[in-house]
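Below is one structure; the comments refer to it alone.
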Amino acid sequence: MASPDLFPNVSFSHVSAPAAAGASTEVTGGATAVFGGDASTGAPRLSLVWSGETQAKHTLEIDLSDAQIFKLGPTEWLCVSGESEAKDGVEEHILNGFMLTLNSLRQKSYSRAIKVVLRTEAESKAFYLAFQQWKHRVISGKAGEPLENGLIIGSKSKFDTKIEASSAKMYFHYYGQLLHQQNMLQDFVRTGTYYAAVMENRSDFEGRVVVDVGAGSGILSLFAAQAGARHVYAVEASEMAEHAQRLISGNPSLGQRITVIKGKVEEVELPEKADILISEPMGTLLVNERMLESYVIARDRFLVPGGKMFPTTGRIHMAPFSDEYLYVEMANKALFWQQHNFFGVDLTPLHGSAFQGYFSQPVVDAFDPRLLVSPPTFHTLDFTTMKEEELYEIDIPLNFVASVGTRVHGLACWFDVLFNGSTVQRWLTTAPGSPTTHWYQLRCILSQPLYVMAGQEITGRLHLVAHSAQSYTIYLTMSVFFPSIALEADGSCSFGYFLEAKMWGEGAEQGGILQTSTAKLELKEPYYRLSQPQPYVMQQDQQQQQLPSLQPQSPLWDYHYGQD
């Protein structure tokens, strides 16, 4: 059981209902507030201990499982407990003069309300945080046992209603391990860009309150403190919060201005609003792991109007690509299922399903940007203004003009984020040809490639649908339209492979041909092809269209859950 938190020399008084006019409203001073677990059950409690006229010790117990706390002033708090459903008119009797302050208690009644006064603002802030941390030690199973990460309790938070408990448990377990935090810290493009963005914009941090959303090891909180933040609240839901506390305590000149809070941003309470949010909420394709939603929720809950967010915006970049080596590699994976005599068993009935299964995996690797068939386009997410619900389903229309004639094997994607500081604007990019990050790039492969000619338009749609396993299902459609086909003198078509394409729409009536290829992929289950990009020899007619050369970088070889 955790050690209790003590606050000496506090004052408290009962907030009584008019109906109980005879009840005492006397202020009791010199008391000690103690947070801890009940001796028999381990249930979290707040005990107010004081000495009476005979020097005998008196104790007032508050069960934190159904208690709430509300700020009345810089050093004053109201603790209410004994929740039940309110009847008409009950609220104002119970809350007396605090009705306006406690408008969130509408439809509830409480058997008692205790006003607690601390000595200083610093103690007041610490009291509040202790209240929240002990309150969230909700009991599950045996008395006194705290909830495991990801286990759903009676009153679900917004996170719990969206995310499967099994997915959350695995997610928090993964990020609770130092080896995975090390993998991210050793991504020097990532870590160095964050450090530069903070230090180059000290004016945004000096004297300000900062909330680090999903603090992990606490490195970004320490950066913010280095930049002069008045106070940083490092919110982390996994067991990594304990490691973060040790790291921060080991840097006392910075740590004295950092408070680690273990919990989800959807659930924790903070004693004050933030002037700036900092976070690393990006996953593969920017949105994997659905942490961007928590980042937006933190904005709505904690950020002052006009406050800053680091990062500020994100962009998903997309372009069609041609990579015959990759396509053959993926197709060959299913050759195993073409065996007619595997220990006397014909495996071929499963070949089609296996083939589609391999093509349902997005490929995560670093590739040569010369594989791109056209200049990229991008879709912007403004973290400062977007609604959380906008991340549930992302629909991106595609429109490209092919730079070369070739076979299109799918859509290549990467992302970047902007730190829009008051002094310096800095981008963190995962683009091909840029220094490699632990995110790499992502490619969605079409099981049926498309053929294009230089100057031809490629249209389609990238549709991302969020699901409860903290990821997205990707629906990709790409099309190429040929208004007419020129025949050779012998009547044959120089692009004979087009003749089998599906024909429909206006163009079809006029003899045109529309090639369309679709794919359904699971972002949570990618194929990690973590190797150096292979040199790509351009065809002679492509030389004038080639994009900037790739600067090979050493990839990080560690397997990464969801590629945070």
If the plane angle is over 60° it's perpendicular, under 30° parallel, otherwise tilted; pick one for Tyr175 and Tyr171. perpendicular
Without hydrogens or angle criteria, can the side chains of His231 and Glu272 be said to hold a donor-acceptor pair below 3.5 Å? no
Can you find a side-chain donor-acceptor pair between His180 and Tyr174 that sits under 3.5 Å? yes
Taking every non-hydrogen atom, the tightest pair across Leu521 and Pro362: CD2-N, 3.8 Å
For a quick test of reading the model, state the closest non-hydrogen atom pair linking Asn201 to Ser422 and the distance between them. OD1-N, 3.3 Å
Going by atom types alone, do Tyr295 and Glu280 pair a side-chain donor with an acceptor below 3.5 Å? no
Using a 4.5 Å cut-off on heavy atoms from C-beta on, say whether the side chain of Pro526 contacts that of Tyr528. yes
Taking the side chain as everything from C-beta on, heavy atoms only, tell me whether Tyr472 gets closer than 4.5 Å to Lys524. no
Donor-acceptor pair between Ser249 and Gln245 side chains, under 3.5 angstrom: yes
Under the 6.0 Å and 45° cation-pi test, does Arg315 pair with Trp427? yes
Quick one: sort the Phe172 and Phe159 rings into parallel, tilted or perpendicular, breaks at 30° and 60°. tilted
Which heavy atom of Ala366 sits nearest to which heavy atom of Gln441, and what is that distance? CA-OE1, 3.3 Å
Does a side-chain heavy-atom distance below 4.5 Å link Lys520 with Thr473? yes
Under 4.0 Å between a Lys/Arg side-chain N and an Asp/Glu carboxylate O for Glu236 and Lys262? no
Verify, without hydrogens or angle tests, whether Asp187 (side chain) and Arg190 (backbone) share a donor-acceptor contact under 3.5 angstrom. yes
The single option from Leu286, Thr312, Thr193 passing side-chain contact (heavy atoms from CB on, under 4.5 Å) against Val417: Leu286
Would you say CD of Gln256 has more than 12 non-hydrogen atoms from neighbouring residues, nucleotides or ligands within 6.0 angstrom? yes
Could you check whether Arg529 pairs with Asp365 (Lys NZ or Arg NE/NH1/NH2 to Asp/Glu carboxylate O, under 4.0 Å)? yes
Under 3.5 Å, is there a donor-acceptor pair between the side chain of Arg257 and the main chain of Ala225? yes
Salt bridge check, Lys169 against Glu164: does any charged N sit closer than 4.0 Å to a carboxylate O? no
NZ or CZ of Arg443 within 45° of Phe321 ring axis and under 6.0 Å: yes
Checking the side chain of Arg290 only, and the main-chain atoms of His467 only, is there a donor and an acceptor separated by less than 3.5 Å? yes
Taking NZ, NE, NH1 and NH2 as the nitrogens, is one of them in Lys162 or Glu293 under 4.0 Å from a carboxylate oxygen of the other? yes
Within 45° of the six-membered ring axis of Tyr392 and under 6.0 Å from that ring's centre, is NZ or CZ of Lys387 located there? no
Checking side-chain polar atoms at under 3.5 Å, does His463 have a donor or acceptor matched by the opposite partner on Glu393? yes
Looking only at the side chains, is there a donor atom on one of Gln470 and Ser167 sitting less than 3.5 Å from an acceptor on the other? yes
Between the CG atom in Leu371 and the OG atom in Ser322, the distance rounded to the nearest 0.5 Å is 7.5 Å
Test Phe127 against Phe35 for ring-ring contact (aromatic ring centres under 6.0 Å, His included), laying out the working first. CA-CA 9 Å; Phe127 177 85; Phe35 289 96; 5.2 Å; yes
Would the distance check show the side chain of His409 and the main-chain N or O of Asp323 forming a donor-acceptor pair, the cut-off being under 3.5 Å? yes
Does the separation of the ring centres of Phe302 and Tyr233 fall below 6.0 angstrom? no
Nearest heavy-atom neighbours spanning Trp439 and Val364: O-CG1, 3.9 Å
Quick check: closest heavy atoms across Phe383 and Arg299, and the distance to 0.1 Å? O-NH1, 2.7 Å
Centre-to-centre under 6.0 Å for Phe310 and Phe223, is that the case here? no
Under 3.5 Å donor-acceptor, Tyr475 side chain and Val465 backbone: no
Is a salt bridge present between Glu266 and Arg301, judged by a nitrogen-to-oxygen distance below 4.0 Å? no
Asn420: which of Gln425, Arg426, Lys308 passes side-chain hydrogen bond (donor to acceptor under 3.5 Å, both in side chains): Gln425
Report the C-alpha separation of Phe415 and Phe378 in whole Å, then their side-chain angles, then the decisive distance to 0.1 Å, and conclude whether the ring-ring contact (aromatic ring centres under 6.0 Å, His included) test is met. CA-CA 9 Å; Phe415 71 87; Phe378 63 84; over 10 Å; no
What are the two closest non-hydrogen atoms of Ala244 and Gly218, and how far apart are they? CB-N, 4.1 Å
Does Glu388 pair with Lys158 as a salt bridge, N-O distance under 4.0 Å? yes
Is it true that His438 and Asn183 share a donor-acceptor pair across their side chains at a distance under 3.5 Å? no
Might you work through the side-chain contact (heavy atoms from CB on, under 4.5 Å) test for Lys273 and Leu303, ending with a clear yes or no? CA-CA 6 Å; Lys273 291 288 188 178; Leu303 192 63; over 6 Å; no
For atom OH of Tyr128, decide whether the heavy atoms of other residues, nucleotides or ligands shown that lie under 6.0 angstrom number more than 12. yes
